[in-house]
S.K.: 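Please find one structure pasted underneath; my questions will follow.
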Amino acid sequence: MKKNQKLSLSAIAAFVLTICFTSCQKDNQILPVEPAITESAPAAPAIDQHCLPPIPAIIQVPAGYKITWHAFATGFQIYKCLQSPTDPNVYTWTFQAPLANLYSDHLYTNQTGTHYAGPTWANLTGATVLGVKLQAATVDPTAIPWLLLQKVSTTGHGILTKTVYIQRLKTVGGLAPTTDNDAAHLNMEVQIPYTALYLFYSPI
C-alpha cells in the first residue's frame, strides 16, 4: 500500500513539473525580451545589400567605397513661399530644410539619430556629417528625387565621421505643394511628410 502511495505522489509531482515547464515555455513565447536602446550604442546593424533597389547610374557611388551606416528616415521636407527675385508676380514654394528622425529599421522602432538643415545627419553620440548634393534622379514622380551627396565636413567621433558619400533612396512623399503659391501665403512655411533610406559610404 505504501509503495503505491509513493508511486502516486511521484506521478503527481511529475505532472505539476510538466505544467510549470509548459507554462514557462508559453511565457517565453509571448513575452520576448526587447533589445535596449541606449545612447552608447547607436550603430545600426548592417543592411542587406541584396534588398536594395536598383540605383540609377547617375547617383551611384564610385568604386572603392562600402556602406558603413544606414538610416531609415521619417519626417518632413520644409518649404517656404517666396517671391521670385526676377518677377514680383511669381511666388514659389522653395525648399528650406529637412526635419526627420533616423532609425535602424524600416518599422521606425529603434532611433539612431536625426536629420536636419545643412543637410546634416547626426547619430545619438553627437557625431555629425554635413553633405552637399552632387546628383539627383527622379525615380518616382510622386516623391522627392533620389540623391547622391558628398561629405563637406564632420564632427565628433565614430563610424559616421568616416563618411565620404551619402545616397538618398526609396523616397516617398516630400514634394513641394503645387497650390497656394501666392501673395496671401508669402513667407509661410509648410511641412510635407516624407520617408527615405539613407546610405553612408566610407573608403574600403
Side-chain angles (χ1 to χ4, degrees), residues 33-53 55-56 58-80 94-137 139 143-174 176 189-204:
V33 177
E34 297 294 337
I37 300 173
T38 65
E39 291 193 358
S40 60
I47 193 166
D48 185 353
Q49 297 192 39
H50 293 95
C51 295
L52 295 178
I55 299 174
I58 194 172
I59 63 167
Q60 288 187 7
V61 172
Y65 295 88
K66 63 180 180 179
I67 299 171
T68 49
W69 206 63
H70 74 272
F72 292 89
T74 178
F76 304 95
Q77 297 281 296
I78 302 173
Y79 297 90
K80 188 174 185 178
T94 305
F95 176 71
Q96 299 297 297
L99 182 62
N101 289 328
L102 304 176
Y103 298 84
S104 65
D105 62 295
H106 71 282
L107 297 177
Y108 312 116
T109 59
N110 180 33
Q111 186 173 357
T112 54
T114 55
H115 179 40
Y116 50 89
T120 304
W121 295 263
N123 66 19
L124 294 184
T125 63
T128 69
V129 55
L130 172 67
V132 61
K133 184 178 76 173
L134 296 180
Q135 298 290 349
V139 177
I144 52 177
W146 296 13
L147 299 179
L148 174 65
L149 305 100
Q150 188 170 22
K151 175 200 74 175
V152 174
S153 62
T154 62
T155 64
H157 304 279
I159 193 65
L160 191 61
T161 64
K162 302 180 187 300
T163 301
V164 176
Y165 291 101
I166 305 155
Q167 285 174 330
R168 182 176 76 185
L169 310 175
K170 301 183 71 172
T171 55
V172 176
E189 287 190 348
V190 293
Q191 296 184 344
I192 308 300
Y194 91 106
T195 61
L197 168 63
Y198 291 99
L199 302 181
F200 300 81
Y201 291 78
S202 301
I204 293 175

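When a residue number appears, it is its place in the shown sequence, counting from 1. In this text the structure is predicted, and so the values were computed from the model without any measurement.
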S.K.: Taking T171 for its side chain and I144 for its backbone only, find out whether a donor-acceptor pair lies under 3.5 Å.
M.R.: yes

S.K.: Can you check whether L169 reaches I59 side chain to side chain, under 4.5 Å on heavy atoms?
M.R.: yes

S.K.: Ignoring hydrogens and geometry, is there a side-chain-to-backbone donor-acceptor pair from Q60 to I55 under 3.5 Å?
M.R.: yes

S.K.: Taking side-chain contact (heavy atoms from CB on, under 4.5 Å) as the test, write out the residues that go with T94, two or more places apart.
M.R.: L82, T92, Q96

S.K.: By side-chain contact (heavy atoms from CB on, under 4.5 Å), which residues pair with Y116, not counting sequence neighbours?
M.R.: T114, T120, A122, T128

S.K.: Can you sort out the partners of L107 under side-chain contact (heavy atoms from CB on, under 4.5 Å), two or more places apart, ordered by chain and number?
M.R.: D105, T109

S.K.: Listed by chain and number, what are the side-chain contact (heavy atoms from CB on, under 4.5 Å) partners of A117, not counting sequence neighbours?
M.R.: A97

S.K.: Testing the basics here: between V139 and P56, what is the closest heavy-atom pair and its distance to 0.1 Å?
M.R.: CG2-CG, 3.9 Å

S.K.: Just to verify, what does Y65 make a ring pair (Phe, Tyr, Trp, His ring centres under 6.0 Å) with, not counting sequence neighbours?
M.R.: Y165

S.K.: Name the atoms and distances for all side-chain donor-acceptor pairs under 3.5 Å in residues 194-203, with sequence neighbours left out.
M.R.:
residue: Y194; atom: OH; partner: Y198; partner atom: OH; Å: 3.0
residue: Y198; atom: OH; partner: H115; partner atom: NE2; Å: 3.3
residue: Y201; atom: OH; partner: Q167; partner atom: OE1; Å: 2.6
residue: S202; atom: OG; partner: T68; partner atom: OG1; Å: 2.8
residue: S202; atom: OG; partner: K162; partner atom: O; Å: 3.1

S.K.: Just verifying a value: how many Å separate L130 CG and K151 NZ, rounded to the nearest 0.5 Å?
M.R.: 10.5 Å

S.K.: Given T154 and T163, is the side chain to side chain contact (heavy atoms under 4.5 Å, CB included) satisfied, shown in steps?
M.R.: CA-CA 8 Å; T154 62; T163 301; 5.5 Å; no

S.K.: Rounded at 0.5 Å granularity, tell me how far CD in Q150 sits from CD1 in I166.
M.R.: 9.5 Å

S.K.: The criterion is ring pair (Phe, Tyr, Trp, His ring centres under 6.0 Å); which residues satisfy it with Y108, sequence neighbours excluded?
M.R.: Y103

S.K.: Output the distance between atom CD1 (I192) and atom CD (Q77), rounded to the nearest 0.5 Å.
M.R.: 9.5 Å

S.K.: List in chain and number order the residues that pass side chain to side chain donor-acceptor pair (under 3.5 Å) with T74, two or more places apart in sequence or in another chain; answer none if no residue qualifies.
M.R.: none

S.K.: Out of curiosity, I159 CD1 to T125 OG1, how far, rounded to the nearest 0.5 Å?
M.R.: 11.5 Å

S.K.: Kindly compute the distance separating OG1 (T155) from CG (L160), expressed to the nearest 0.5 Å.
M.R.: 8.5 Å

S.K.: CD of Q135 to CD1 of I58: how many Å apart, nearest 0.5 Å?
M.R.: 4.0 Å

S.K.: Any side-chain heavy-atom pair from P119 and K133 closer than 4.5 angstrom?
M.R.: no

S.K.: Any heavy-atom pair between the side chains of W69 and T112 that's under 4.5 Å?
M.R.: yes

